[in-house]
Amino acid sequence: MPELTVTVVSAIEPAERTVTTGTKAWELFVDDSHVIAARIGGQLRDLSWELADGDEVEPVALDSRDGRDILRHSTAHVMAQAVQELHPGAKLGIGPPIANGFYYDFDVTEPFKPADLDAIESKMRKIIKEGQKFDRRVVSEEGARAELAAEPYKLELVGLKGPQDAEGAEVEVGGAELTIYDNLKRDGSLAWKDLCRGPHLPTTKRIPAFKLMRSAAAYWRGDESNPQLQRIYGTAWESKDALDAHLESLEEAARRDHRRVGADLDLFSFPDEIGSGLAVFHPKGGALRKEMEDYSRRRHVEGGYDFVYSPHITKASLFETSGHLDWYAEGMYPPMHVDEERDEHGEVKKPGQDYYLKPMNCPFHCLIYRSRGRSYRELPLRLFEFGSVYRYEKSGVVHGLTRVRGMTQDDAHIFTTREQLEVELERVLVFVLDLLKDYGLDDFYLELSTKDPVKYVGSEELWDEATKILDRVGQQSGLELVPDPGGAAFYGPKISVQARDAIGRTWQMSTIQLDFNEPELFGLGYTAADGSRQRPVMIHRALFGSIERFIGVLTEHYAGAFPPWLAPVQVTAIPIAERHDDYLSELATQLRASGIRVDVDRSDERMQKKIRNAQLQKVPFMLIAGDRDVEERAVSFRYRSGDQDNGVPIADAIARIVDAVDRHIQV
């Protein structure tokens, strides 16, 4: 039998293998039960893929990132099969893997109820136990249409080739050919089938642990003009222990949910009278926000930034120049048409103008730069603003403080020469990371977002140059740099800082965007040392992203137990009896003189209840005073943890608190 040579790529070193023609990928890994797929020539393939001479074959383990995606997509197929067996009239949408799970969309007559999910989960377990084989076959477009004639949503996907811009569609189609996966029973008979690119697990029995989480409504392909389908979310993991750990982390995340904690601590709310995605901050939330903003302002002054301010609305022409009305209009609120005048017959005497709420601060900063002539001696020019912006997020994605419609960005735009550019980018990245560390986040990696092939302005050459520069800066930081193809804004590529919180979740925080195009659109320039007119380069930099979102992230990171310097109330003074009120009020005055936020609990509650209330409010320090403390000019110094030191002199107590606040330590 003819032979062929393949290279098995492993973590140790590549190894050449000689195999016979017709060998399948699984035969290379028959002794490793963790391998569930293979990457062949850079493409993920089923283990049933037939090898060709010269192939480079890399095993894909179940517990790897790719392996989990394959597991979850395979589990989504099993779920869809179960749904159609229990609900024969259900029409199939799409079922991609997502972060930590999967979903599948269905067109059904009635929304799914919790009891339906229990029944579906039970049916899935039977399918998994049967060990049905995932079998790939290539079909023609005509053949696919014939086979899927009863599936209208699949028929819509059949004609699509190439990259898909609709959510999840790439798992169905998008390659050079159409494929259908058959679920085959042990006797080879067909149990179910689905249009899919794959790859999949070898059999359903390779699904170790899964759980259905919830159902929700979702528009077909994410478009509100399309029919509304029913979506079932689930999760799948490589082991029961991994599933249990994930479910436990979800419970912990629910306990830390900033909406819940924010309500418990009286930080902020979202009144219906104001509108979806628009928050108000209560006094305690205001204290937290002010401390964050004040500290950021001080650091920006030290960093050489100049403060600017810009209005909340502007004429449409500004966003026409910047390109936002061409590329970002769907994220903007509708225009306000003003200043139009009509005569008594309704005829227009004076045409009005459209004004927009601003979604971005950058065009305003371009105008500030352009307001007068600039010299190379002024560059880099670092303009900074706490600027309120407004974005029309769809109601289905608005989520507490982390996805809002009105927000305040700590927005900076740096205008620099090309010669200064890389040094300035490195400086900005260090500034960003150091400031995030000051707020208690210190586990980072970077993401490099590159050009969207459809939504962009400027030349390929400028995009290529900007992307290479950011790539170098990211690599030189020493942090992991992960690609994000097509994720850039329309005017330039970006590096985003991804931060992991206390329970390991990743949040996108600061962004650094490199822009050769906006200076061109606004005709910005400066006089170079040789007297020539040159174009500056623009760096867009948001550190918090938005203050609202950052507060939401920190609230969950700390579970509301903020370090003393950020805590809305840093000290609660607790008198044992009413006669001790004046003593602690005097102490509170001294603390306020030292810049400490302090409350005196003058309620009629017993001392233990007052302590409990302060603990529930996650106050870092409690100062308790009774007769002996008044006599000795001391307090019982109690920490949030419950640890307590008795008989601490007032001066020492104040010094402890001020020191903890000044050093930004957690207690």
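Note: hydrogens, waters and symmetry copies are ignored here, and every other heavy atom, side chains too, is used.
For residues 590-625, the set of pairs meeting the ring-ring contact (aromatic ring centres under 6.0 Å, His included) definition, not counting sequence neighbours, comprises F621-F637, F621-Y639.
Listed by chain and number, the residues in a ring pair (Phe, Tyr, Trp, His ring centres under 6.0 Å) with Y491 are H540 (sequence neighbours excluded). With sequence neighbours left out, the ring pair (Phe, Tyr, Trp, His ring centres under 6.0 Å) criterion links H365 to H413. Residues that satisfy the side-chain contact (heavy atoms from CB on, under 4.5 Å) test with D601, not counting sequence neighbours, are T572, S603, K610. In terms of the side-chain contact (heavy atoms from CB on, under 4.5 Å) criterion, residue partners of F270 (sequence neighbours excluded) are, by chain and number, F268, A279, L401. For the ring pair (Phe, Tyr, Trp, His ring centres under 6.0 Å) test, no residue two or more places apart in sequence or in another chain qualifies with F522.
Formation of a donor-acceptor pair under 3.5 Å by the Q570 side chain with backbone atoms of P564 is found in this model. With S296 contributing its side chain and M292 its backbone, the two residues share no donor-acceptor pair below 3.5 Å. Here the side chain of R256 pairs a donor or acceptor atom with the backbone of H557 at under 3.5 angstrom.
The closest side-chain donor-acceptor pair between N226 and E224, if any, does not fall under 3.5 angstrom.
Salt bridge present: E548 and R289 bring a charged side-chain N and a carboxylate O closer than 4.0 Å. One finds no salt bridge joining R612 and E605 here, because no Lys/Arg side-chain nitrogen approaches an Asp/Glu carboxylate oxygen to under 4.0 Å. Between R255 and E252, at least one side-chain nitrogen of the basic residue sits less than 4.0 Å from a carboxylate oxygen of the acidic one, meeting the salt-bridge criterion. R656 has no carboxylate O lying under 4.0 Å from a charged side-chain N of D659, or vice versa, which leaves the two without a salt bridge. Look at R231 and D105 and you find a salt bridge, because one of the NZ, NE, NH1 or NH2 atoms lies within 4.0 Å of a carboxylate O, short of that distance. Between R628 and E632 there is a salt bridge, since a side-chain N of the basic residue sits under 4.0 Å from a carboxylate O of the acidic one. Of the charged side-chain nitrogens involved, at least one lies within less than 4.0 Å of a carboxylate oxygen, so that D627 and R579 count as a salt-bridged pair.
Cation-pi geometry between K358 and F364 is met: under 6.0 angstrom from the ring centre, within 45 degrees of the axis.
Aromatic ring centres of F431 and Y305 lie closer together than 6.0 Å. Ring centroids of Y439 and F544 are separated by less than 6.0 Å, placing the two rings close together.
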